[in-house]
Every structure is written in structure tokens, then in C-alpha cells.
2 protein chains.
Amino acid sequence: MPQGWEEIRAEVLTRIRTRRWPPGAVIPTEEALALEFDCARATVNRALRELAQTGMLERKRKAGTRVAMLPVRKATLDIPVIRQEVAAHGQVHAFRLLLQTTGVPPIAVAARLQLAAATPLLHLQTLHLADGRAYVLEDRWLNPAAAPQPLPDFSEISANEWLVAHVTFATGDIAFSAEPASTSEAAALSVAEGAALFITERCTWGPDAPITWVRLAHVPGYRLQTRL
Amino acid sequence: MPQGWEEIRAEVLTRIRTRRWPPGAVIPTEEALALEFDCARATVNRALRELAQTGMLERKRKAGTRVAMLPVRKATLDIPVIRQEVAAHGQVHAFRLLLQTTGVPPIAVAARLQLAAATPLLHLQTLHLADGRAYVLEDRWLNPAAAPQPLPDFSEISANEWLVAHVTFATGDIAFSAEPASTSEAAALSVAEGAALFITERCTWGPDAPITWVRLAHVPGYRLQTRL
DNA sequence: TCAGTTATTATGTGCAGACATATTAGCGTC
DNA sequence: GACGCTAATATGTCTGCACATAATAACTGA
């Protein structure tokens with residue numbers, strides 16, 4: 001007899017995976033399960049809620065709880081700060097600020113940030129190193145209007161770390177893709193032009209204004225991994 | 001005054017983002033917050049627990065709850081079945097089975113599945129089409145010992161969809177990377193050799209045996225996106 | 001027959017209280 | 001001061017109950 005909401009969750013998961021409750025089937029009500037497991041309904045609720053959150057179950061009032069047609073649909077992945085990511089591999093992190101200018105960003109960047117096309121932004125290019133070797137090239141456009149003045153010396157502290165500590169964040173999105181290395185990216189990362197790079201593109205907004213757009217070009221061999 | 005655990009969560013999030021509770025700071029106890037918000041401790045607990053799950057807060061017994069040093073660290077992403085993914089774009093999904101043989105997989109595949117090197121597996125290559133155009137190339141090795149017999153006609157039903165409906169799943173992992181198109185991949189996807197492809201690699205295990213290893217090579221332009 | 005209303009029902013949320021558990025802080029001893 | 005024990009404390013979980021809410025089912029009347 002399972003006891004505790006985690007064991008109940010495990011038991012339900014087993015019944016789903018062994019097809020005792022096959023995909024699409026309606027499972028017993030919380031009340032019935034509480035009776036079977038000899039616990040309070042709130043405990044069953046907790047277990048089922050967690051399973052619904054990961055996409056294993058679909059719940060609707062009155063209709064009841066059913067096993068999702070296509071189980072295993074959501075994965076959570078960590079988005080570490082680069083320094084932590086490098087440190088997690090047991091390597092030493094360092095970075096070099098390659099470029100810092102102020103200017104009007106490409107239309108694509110302004111559009112993604114929902115900024116007027118002519119707004120001048122701070123442009124930073126930073127090369128991050130792991131054990132002295134190129135690891136990822138960071139290309140960032142930063143909205144000075146969204147950041148408290150004065151700005152720090154970005155060759156001393158990485159923009160990402162300064163921003164999370166000093167700028168109010170409201171929403172954002174993140175996208176992953178694969179792109180061929182441009183001439184400048186190839187040079188910075190010491191790879192062949194056109195090499196397949198793993199790209200992370202992130203956009204963040206504050207409560208009032210866009211904060212930053214950043215594109216991370218990872219060196220070939222990079223893998224983003226998570227457990228299901 | 002916030003009421004309901006969602007509003008409390010929002011209020012706490014605001015205090016974090018406005019730096020009233022800056023990164024690293026310890027926030028009041030559940031009891032104190034329950035008093036402030038005039039609700040039960042369980043309600044505060046629910047709100048704080050959810051925030052901890054997304055990485056905004058770090059909680060320890062006795063030590064209390066503190067704002068994470070580097071907020072925004074976890075994102076959840078959906079892993080749809082290819083047919084749903086295509087349909088979500090309003091396109092028509094179809095697929096062609098390019099290859100079906102039985103043989104010993106490459107060492108790298110056997111190793112990732114933790115299988116003895118000489119185990120023969122079913123090898124499937126499938127090209128998925130969106131509105132008739134190449135969308136993703138699926139390269140799959142399937143352990144027949146982990147699947148119920150008889151196997152279906154994989155030119156009629158896609159392996160993924162058949163597997164989630166008929167095979168008991170226990171654990172798995174997923175990884176994303178960027179790789180240049182091999183000669184055969186380039187031909188199948190109608191792209192230039194060496195083009196940057198977005199690769200999804202998935203490994204799944206049943207309770208007793210490895211089930212399948214699959215590598216999805218997405219056509220250039222593919223983006224995997226999620227909100228933060 | 002069908003649209004509109006009402007009743008039913010399963011989940012969603014909330015409360016107060018209780019006990020469990022991990023972790024820290026304090027204390028005493030050597 | 002370094003150690004090991006004990007007490008204090010914040011979170012983790014559970015219970016039993018209540019009411020809210022959404023979605024379905026049943027009913028009603030034209």
C-alpha cells in the first residue's frame with residue numbers, strides 16, 4: 001500500500017506505464033483513489049496534480065482524469081549561467097570582451113525586442129573560454145534605458161550575471177537552433193566557416209521596456225541534455 | 001491584498017523582481033507571510049513551493065527560504081510527436097519509410113542504450129514531410145526484445161506513435177545538438193552536404209530492457225522555442 | 001426536436017491543526 | 001577552541017472538512 005503523495009504518484013505512474021490504465025482511459029476519481037490508498041483526497045490530488053503538470057495526465061472538472069494520449073511530453077531543462085555551466089564540467093571559466101559599442105541594432109533584433117527600429121543599443125561581443133579554449137561566443141544587444149546607471153565594466157563582470165543581479169525581469173523567451181558559422185564567428189571560435197553551431201537565442205523584457213537580446217553560438221560538440 | 005495562492009505567487013515574484021527581496025536574501029517565514037496575506041500557511045506553502053520548482057527560490061528546512069542567486073534557471077519545453085508538431089503549424093504531415101532492416105547497431109548507439117555490442121536491433125529510417133516537403137529525418141534503432149510481438153507495419157504507423165501506445169516506458173533522456181549534414185542526410189533532406197542541422201537525440205528504456213534510440217535531423221531553419 | 005435552464009459531479013482551492021524531518025544554533029564538556 | 005549532544009525552528013506533509021468552479025448531464029417547455 002503506497003503511503004505519501006510521492007508513493008501514490010509512483011503507483012499511478014506504474015499503472016499508466018504497465019497499461020493497466022492505458023492512454024486515453026479515464027482513471028478513478030480522487031475520492032475513489034483516496035479510499036483505495038486509505039488517505040485524504042488532498043494527498044491523491046497532490047499526486048495527480050504533479051503528474052498532470054508533466055503531461056502524463058489530463059484533468060478536467062466534472063469530466064475526470066484521463067491518461068494522456070501521448071505520454072511523456074514535457075521536459076524541464078536548466079538554463080545555467082555560462083560560468084556555472086563551465087564550472088559544472090570541472091573547467092575554469094574566463095571571458096574576453098571583444099567589442100563594446102553603441103549603435104542601432106539589425107532590424108531583426110529590434111523587431112524581436114519590439115523596439116522602434118532606430119533605438120540605439122549597447123552592443124557587446126564576448127568570447128567565453130573553458131580551460132582557455134573557446135567555448136561560446138556571446139553576441140548581445142542591451143537596452144541602456146532598461147538598466148540602472150552607471151553600467152559596470154563589462155570586461156570585469158559578464159553582462160548576464162550583472163543583469164540578473166541588477167535589472168528587474170518580467171518575461172522572456174528562449175529558442176534553440178542550428179546555424180552555420182559566419183566568417184566572424186568562425187574566426188572567434190577557431191572553427192571552419194560554415195561549421196554547424198548550436199545557437200541559443202534569448203530575449204528578455206522588463207516590466208516597462210525590453211532589456212536585452214542575446215545570441216550564444218556554441219562551439220561544435222556542444223550538447224544540451226536532460227532526463228525525461 | 002493578494003488572495004489565492006496564484007496571487008500570492010505573483011506578489012512574491014514581484015517582490016523578487018523589484019529587488020525588494022534581492023537575490024540571495026532570506027524572505028520571511030511561511031507563517032509570517034500567512035499572517036501578512038491573511039491566509040493559511042498551506043496557501044503560502046503552495047505558492048512558495050511552485051516558485052522553488054521553477055528555480056526562483058531555494059528552500060531548506062530550518063534555514064528558511066531565500067531568493068536564488070541567479071533567478072530564471074529552468075524552462076519547460078514540450079516534446080510533441082512529430083505529427084502534432086507539423087499539425088500545429090497548420091501543415092499536413094506524411095512520412096515515408098526509407099529503410100527497415102535488422103542488424104547490429106553502431107557501437108555508439110549500443111553504448112548509449114547500454115546494450116551488449118552484438119545485439120541485433122531493428123533499424124528504421126523515416127523521412128517526415130510537412131506539406132510534402134522534407135521536415136525531419138528519423139534514424140531509429142529499436143530493440144525487438146522490448147516490444148510486444150507482432151510488430152506493426154512501420155510504413156503505416158510511425159514508430160514513435162506505436163511505441164508510446166504499446167510499450168511500457170520507464171526512463172529516458174534527450175539531448176539537442178547541431179551537426180553538419182552527412183552525405184545521406186543531405187540527400188534525404190534535399191540540403192547541401194555539411195549544412196547545419198538541428199539534432200534531437202532520444203534514448204528510452206523500459207523497466208527491463210532498452211527500448212529505442214532515435215536521432216531526429218531537422219531541416220535547416222528549425223527552431224525549438226519556449227517562454228521563460 | 002431543440003434550445004435554454006437547472007442539477008449533478010469531479011476537480012480546484014482553502015482552512016486549521018497536527019506531526020515529521022532536516023538543519024541550524026546553542027550548550028556543555030573535554 | 002574543538003567536539004558532540006540537545007533544543008529550537010522552518011519547511012514538508014497529511015488530515016478532514018468546506019466551499020468554489022467548470023463541465024457535463026438531465027430536464028423543461030415551446
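Throughout, protein chains are lettered first and strands after them, A, B, ... in sequence-line order, and every chain is numbered starting at 1.
Put simply, CG on A:Asn45 is 12 Å from C1' on C:dG14, counting in whole angstrom units. Distance CD (B:Glu30) to C1' (C:dG17): 15 Å, rounded to an integer number of Å. Counting to the nearest Å, the P atom of C:dG14 and the CZ atom of B:Phe37 are 13 Å from each other. In this structure, B:Leu48 atom CG and D:dG12 atom C1' are separated by 12 Å, rounded to whole Å.
Checking A:Pro28 against B:Cys39, the closest nucleotide of DNA chain C that is more toward the 5' end is the one next to A:Pro28. If A:Ala42 and B:Lys62 are placed on DNA chain C by their nearest nucleotide, the residue sitting closer to the 5' end is A:Ala42.
Among the protein residues, A:Arg46 comes within range of the sugar-phosphate backbone only, with heavy atoms under 4.0 Å from sugar or phosphate atoms but none that close to a base.
The base of C:dG14 does not come close enough to the side chain of B:Arg41 for any donor and acceptor atom to sit less than 3.5 Å apart. Below the 3.5 angstrom threshold, one finds a donor paired with an acceptor across the side chain of B:Arg61 and the base of C:dT21.
Atom CD of B:Glu31 has 12 or fewer heavy atoms from other residues, nucleotides or ligands within 6.0 Å.
We find that B:Arg15 and B:Glu36 are joined by a salt bridge, their nearest charged nitrogen and carboxylate oxygen being less than 4.0 Å apart. At a threshold of 4.0 Å, the pair B:Arg215-B:Glu179 counts as salt-bridged, since one of the basic side-chain nitrogens sits closer than that to a carboxylate oxygen.
Two rings, from B:Phe198 and A:Phe198, have their centers less than 6.0 Å apart.
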